[in-house]
Amino acid sequence: MTTAKRDAYTPETLLAVAVRVFNERGYDGTSMEHLSRAAGISKSSIYHHVAGKEELLRRAVSRALDGLFGILDEPGAATGRAIERVEYVTRRTVEVLTTELPHVTLLLRVRGNTRTERWALERRREFDQRVSDLLKDAVAEGDLRADVDIRLATRLLFGMVNSIVEWYRPQPGGSPDGDQLAETVVRLALDGMRAPGR
């Protein structure tokens, strides 16, 4: 039975279990024993796939970060007026968050206690800075209000977006779908920052 279960496990299914347990218990509160019990396989079977729990953490947060940074390479984020690019990046960030909810939730909960967590925090700051630069460009082009502090606006924008992980649970007929949610965030976040007449 254990052998069959071990053979059925793949790095992807093991990662899904690890992300769930990390989100439930916290990364620091999760041991390899917790992971093996949740997966229903032995610790040695886990080590067959990964070097340890930090590798699982890195794979999980990398998936979230790859999704976020991938947005910045898309044509909608790279061309056009800065305000259009800000809207595009905001919309797509919400879409990635709702699509990769467990992975992004984990990314937003890392605290910097390990090398992987410090790396993830640095990458998050880099993403935030890229969006902040877009907001500055939108102010320079006259589409966003010049009297709004960009650092504060960036924090408020990401505060709104990142808070979604705390309450959003996709349910048929319940929560808004990712597209509807993304459009609502874009309207609420950016309409108040638009320059008069824009």
message: Do E87 and L190 make a side-chain contact, defined as non-hydrogen atoms from C-beta onward lying under 4.5 Å apart?
response: yes
field: Residues E55 and R59 bridged, charged N to O under 4.0 Å
entry: yes
- request: Please name the pair of heavy atoms, one in A195 and one in G142, separated by the smallest distance, quoted to 0.1 Å.
  value: CB-O, 3.3 Å
M32 CE to S44 OG distance, which is reported to the nearest 0.5 Å: 10.0 Å
query: When you measure from the side chain of H49 to the backbone N and O of I46, does any donor-acceptor pair fall under 3.5 Å?
result: no
Gap between atom CZ of R58 and atom CG of L65 - 0.5 Å precision: 9.5 Å
Contacts of type side chain to side chain donor-acceptor pair (under 3.5 Å), residue R81, not counting sequence neighbours: D143
- prompt: Do V131 and F158 pass the side chain to side chain contact (heavy atoms under 4.5 Å, CB included) test, and can you show the C-alpha distance, the side-chain angles, and the key distance before you say yes or no?
  reply: CA-CA 10 Å; V131 176; F158 281 109; 3.6 Å; yes
Close side-chain approach of V50 to P11, heavy-atom, < 4.5 Å: no
query: Any donor-acceptor pair under 3.5 Å linking the side chain of S132 with the backbone of D128?
result: no
Within one Ile-Leu-Val-Met-Phe-Trp-Tyr cluster: L156 and V86, side-chain cutoff 4.5 Å: no
- prompt: So, are R194 and D191 salt-bridged, with charged N and O less than 4.0 Å apart?
  reply: yes
message: Are M160 and W167 connected into the same hydrophobic cluster when the rule is that any two of I, L, V, M, F, W, Y join if their side-chain heavy atoms are below 4.5 Å apart?
response: yes
task: State the CZ-CD1 distance between R130 and I71, to the nearest 0.5 angstrom.
output: 11.0 Å
query: Any chain of hydrophobic side-chain contacts (each under 4.5 Å) joining V186 to L72?
result: yes
query: Is Y168 reachable from V94 through a run of I, L, V, M, F, W or Y residues, each pair having side-chain heavy atoms under 4.5 Å apart?
result: yes
Nearest heavy atoms of I83 and A138, plus distance in Å: N-CB, 3.9 Å
field: N-O pairing of E117 and R111 below 4.0 Å
entry: no
- prompt: Do L97 and L101 come close enough that some side-chain heavy atom pair is under 4.5 Å?
  reply: yes
query: Out of curiosity, I164 CD1 to L181 CG, how far, rounded to the nearest 0.5 Å?
result: 4.5 Å
- prompt: With a 4.5 Å limit on heavy-atom distance, are the side chains of V185 and T93 in contact?
  reply: no
message: Would you say that more than 12 heavy atoms from the other residues, nucleotides or ligands in this model lie under 6.0 Å from the CZ of R115, or not?
response: no
- prompt: Any side-chain donor paired with an acceptor under 3.5 Å for T13 and T10?
  reply: yes
query: Under a 4.5 Å cut-off applied to non-hydrogen side-chain atoms, are L107 and H103 in contact?
result: no
message: For the residue pair R123 and F69, would you count it as a cation-pi contact if the rule is NZ or CZ under 6.0 angstrom from the ring centre and within 45 degrees of the ring axis?
response: yes
- prompt: Does the side chain of F22 reach to within under 4.5 Å of the side chain of V17, using non-hydrogen atoms?
  reply: no
- line: In terms of heavy-atom contacts, L14 and A39 come closest through CD1-CB, 4.3 Å
- request: Measure across V21 and A38 and return the closest heavy-atom pair with its distance rounded to 0.1 Å.
  value: CG2-CB, 3.5 Å
message: Please determine whether salt bridge (Lys or Arg N to Asp or Glu O under 4.0 Å) holds for the pair R109 and E166, giving the CA-CA distance in whole Å, both sets of side-chain angles, and the decisive distance to 0.1 Å.
response: CA-CA 11 Å; R109 291 181 178 168; E166 300 303 329; 3.6 Å; yes
message: Rounded to the nearest 0.5 Å, what separates atom CG in D179 from atom CZ in R91?
response: 9.5 Å
task: State plainly whether the residues E24 and R20 are in salt-bridge range, i.e. N to O under 4.0 Å.
output: yes
pair R92-E95: side-chain heavy atoms closer than 4.5 Å: yes
message: Run the salt bridge (Lys or Arg N to Asp or Glu O under 4.0 Å) test against R151 and tell me which residues pass, sequence neighbours left out.
response: none
- line: Heavy-atom closest pair (G80 atom, R85 atom, distance to 0.1 Å) is O-CD, 3.3 Å
query: Stepwise, does the side-chain hydrogen bond (donor to acceptor under 3.5 Å, both in side chains) test hold for T116 with T114?
result: CA-CA 5 Å; T116 296; T114 67; 4.8 Å; no
task: Apply the side-chain contact (heavy atoms from CB on, under 4.5 Å) test between L56 and each candidate in T30, L15, V19, V61; give the one that qualifies.
output: L15
- request: Following the transitive rule for hydrophobic clusters with a side-chain heavy-atom cut-off under 4.5 Å over Ile, Leu, Val, Met, Phe, Trp and Tyr, establish whether L68 and W119 coincide in one cluster.
  value: yes
task: Quick one: pull up OG in S31 and NZ in K43 and give me the separation to the nearest 0.5 Å.
output: 7.0 Å
message: For a quick test of reading the model, state the closest non-hydrogen atom pair linking L35 to A18 and the distance between them.
response: CD2-CA, 3.7 Å
query: Could you walk me through whether Q180 and E183 pass the side chain to side chain contact (heavy atoms under 4.5 Å, CB included) check?
result: CA-CA 5 Å; Q180 180 186 0; E183 287 304 320; 5.9 Å; no
- line: Applying salt bridge (Lys or Arg N to Asp or Glu O under 4.0 Å) to E84 and not counting sequence neighbours gives none
